[in-house]
Structures are given as structure tokens and as C-alpha cells.
There are 2 protein chains.
Amino acid sequence: MGKILEIYRSSENCPIRTVLDRIGDKWSILVILILGEEETMRFNELQKSMNDISQKMLTVTLRKLESDGLVHRRIFPEIPPRVEYNLTERGISLLPHIHSLSDWATKNIDGIRRSRAKSGN
Amino acid sequence: MGKILEIYRSSENCPIRTVLDRIGDKWSILVILILGEEETMRFNELQKSMNDISQKMLTVTLRKLESDGLVHRRIFPEIPPRVEYNLTERGISLLPHIHSLSDWATKNIDGIRRSRAKSGN
DNA sequence: GATTTTAAGTTACTTTTGGTAACTCAAAGG
DNA sequence: CCTTTGAGTTACCAAAAGTAACTTAAAATC
């Protein structure tokens, strides 16, 4: 029995699940990757660059990332409002791991699509 | 504008999203990590080691992983039935990336918990 | 000076995904 | 003949994600 499995069994306090439950949602990883490329972005810029996320889901996603200390939110007291987002130190430290995942995805997507087709999607 | 963002914008065929939409669900990464440690496991062994997944969700998760060619399913024609699961080559090639993510999670969990507490969870 | 535009959200509502509990199947054991 | 066993289904209920319309206050347009 490996170390990871033992941690999992005490599932109350399992770090991996605590973290993955959050960034394992539909949009978080995407936001982190985008902010990793663009440094600083405003709300609408982010939304356009994701191109199919709703305002509500972007708000929810950013608030979660903010509360985990992965993304920083800076409000300018202007009208119309201006809010800028960027990765925190912690968010930046997560980037390479997500990049290695997305590199894997790019390399394996053809094989995966073929598998899905065989099994009737 | 980086390469990744351009790929995202053509979101129909984006490899990263196609893959993450699947393994970004609640249980897939967990199953992959466990099968990475135990080599071969039966359905009920998997369920016990996850400790709070329902039969239905384990079935659904395994079927998706199978159809992506990440997990192999071997049925023994016995009664009561016996079904053994293990990672495929492709599944094994994904393991190190998931491990690096979970190492990050372990290192950062304390800081993340502190952030969450500050923001009122 | 009334109307529209603008950025960054809310709110109320619908649809999809996840979760629970009970049921199935066919043979072996008591 | 009734229960147990492993690997699931099925029918049902709750939670998360998605949609469309609304909000807010100033500045720009008519």
C-alpha cells in the first residue's frame, strides 16, 4: 500500500482531493492557463478569450480561484467598473504542472479520439 | 498571444479541453492514481479504496476511462462475476503528470486552507 | 435632458451531472 | 429454498452548471 492511498483513505483531510475538487471543475484550469499567458486581464477580456463561458460561471470560477489564493483580483473604483485579474505566486507555481498535463493532452488527443470512436463515443 | 490560447479559441477541436472535460470530473483522477499504485484491482476493491464513491459513479467513471483508452477492463466469465481493472499504456503515461499535480497539492494545501479561511471559505 | 452604452457583475430559472437506495442475475453454501 | 456474493442497473432526488434578463452609475450620443 503506497503513501498516496493511505492519505486518500483519511479522506476528510486529503490534500489532493481538497485541491482537485476545486481546480477539477469545468473552467478553473482554463482560466489559470490563460492568465499564465496574458499576465493581467480584465473580466471581459477573459470571457472573450474563453469564448463560451457565461458571465455567471466566470464570476463563480474567479471567486473560487481567488479564495484559494491562486488568482488576485484588483478593483479600480471607476464607472463603468474595471477589475483586473492575475495569477498570484501560488497560481504561478501551479502553472508548470497544468502545462505538462495539457502537453500530454495534445500528444494523446488523436489516440483518445480513436478510442472514443471505437467504443461508440 | 501564445500558442495555447489560439488552440483554445478554436474550441471545437481543442485537445486540452476535450481531455480535461473528462478527467476533470469528480473521480477520474482518483481512479487513475489508485490504479497507478495497485496495478490490478477488482471493482469492489476500487470502491473500498475510494471509500465514498457510489457503485453507479464508479461504473460511470470506469466506463469513461475505458472508452478513452486509459483503463483496461477484463471480465472473467464466473459467477459471482469478476472484473479486473488496470491502466493501459496511455493511462500509465498520464500518471507522472497527475502525480506532479498531487505533489503540488500536498505542498500547498496549508496555504490554500489558510486562504480559504480568510475569505470565509 | 432622455436614451444608449459600458464593465462587471446578480437573479431567477432550466438543464445536466452527481448521488442514494433498492433491485437484478446466476450459482454456491447452509 | 433462502441467503450470500460481485458487479453492476434502475428509478428517483439533490447539487452544480448553464441561460437570459436585469442592475448600477456615469459618460457619450441624439
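A note on names: the letters A, B, ... follow the listed sequences, proteins ahead of strands, and every chain is numbered from 1.
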Exercise for the section: Could you tell me the separation between the CG atom of B:L58 and the P atom of C:dG18, rounded to a whole number of Å? Expected result: 13 Å
Practice task
Compute both the distance and the angle, then confirm whether B:R82 meets the cation-pi test with B:F76: under 6.0 Å from the six-membered ring centre, within 45 degrees of the axis.
Solution key: yes
Exercise for the section: Check the distance between C:dG18's C1' and B:W27's CH2 and give it to me in whole angstrom. Expected result: 9 Å
Practice task
Name the nucleic acid region contacted by A:F76, choosing base, sugar-phosphate or nothing; use a 4.0 angstrom heavy-atom cut-off, strictly under.
Solution key: nothing
Handout entry: A:R82 side chain near C:dA8 phosphate (N/O to OP1/OP2, under 4.0 Å)
Key = no
Practice task
Please report, rounded to the nearest Å, how far the P atom of C:dC25 is from the CD1 atom of B:I75.
Solution key: 18 Å
Completion exercise
Side-chain contact check for B:Y85: nearest option of C:dG9, D:dA25, D:dG8 is D:dG8
Practice task
Let me know the distance between CD1 of A:I53 and C1' of D:dA20, rounded to the nearest Å.
Solution key: 16 Å
Exercise for the section: Go through D:dT19, D:dA7, C:dT10 for me and flag the one nearest to the A:R63 side chain. Expected result: C:dT10
Problem - Atom-pair distance (CE on B:M41; P on D:dA7), nearest Å - result: 11 Å
Practice task
Kindly say whether, by distance alone, the side chain of B:K56 makes a donor-acceptor pair under 3.5 Å with the base of C:dG19?
Solution key: yes
Handout entry: salt_bridge(B:R114, A:D68) N-O dist < 4.0 Å
Key = no
Handout entry: Length of the CE-P vector between B:M57 and C:dT16, whole Å
Key = 16 Å
Problem - Heavy-atom side-chain contact between B:T88 and B:V71 under 4.5 Å - result: no
Exercise for the section: Map A:P80 and A:K64 onto DNA chain D by nearest heavy atom, then report which one ends up closer to the 5' terminus. Expected result: A:K64
Exercise for the section: Using a 4.5 Å cut-off on heavy atoms from C-beta on, say whether the side chain of B:W104 contacts that of A:S93. Expected result: yes
Problem - side chain to side chain contact (heavy atoms under 4.5 Å, CB included) evaluation trace for A:S100 with B:S100 - result: CA-CA 9 Å; A:S100 86; B:S100 87; 4.3 Å; yes
Problem - Phosphate contact (D:dG18 OP1 or OP2) by A:K26 side-chain N/O below 4.0 Å - result: yes
Handout entry: Spacing of B:Q55 atom CD relative to C:dT24 atom P, expressed in whole Å
Key = 15 Å
Exercise for the section: Between A:L62 and A:I79, just flag the one whose closest nucleotide in DNA chain C comes earlier from the 5' side. Expected result: A:I79
Exercise for the section: Could you tell me the separation between the CZ atom of B:R73 and the P atom of D:dA7, rounded to a whole number of Å? Expected result: 10 Å
Handout entry: Of the listed nucleotides D:dA17, C:dA26, C:dA7, the one nearest the side chain of A:N44
Key = C:dA7
Fill in the blank from the handout: Considering only heavy side-chain atoms of A:P81, the closest of C:dA8, C:dG9, D:dT5 is C:dA8
Handout entry: Closest listed nucleotide, where the reference is the side chain of B:V83 and the choices are D:dG18, D:dG8, D:dG6
Key = D:dG8
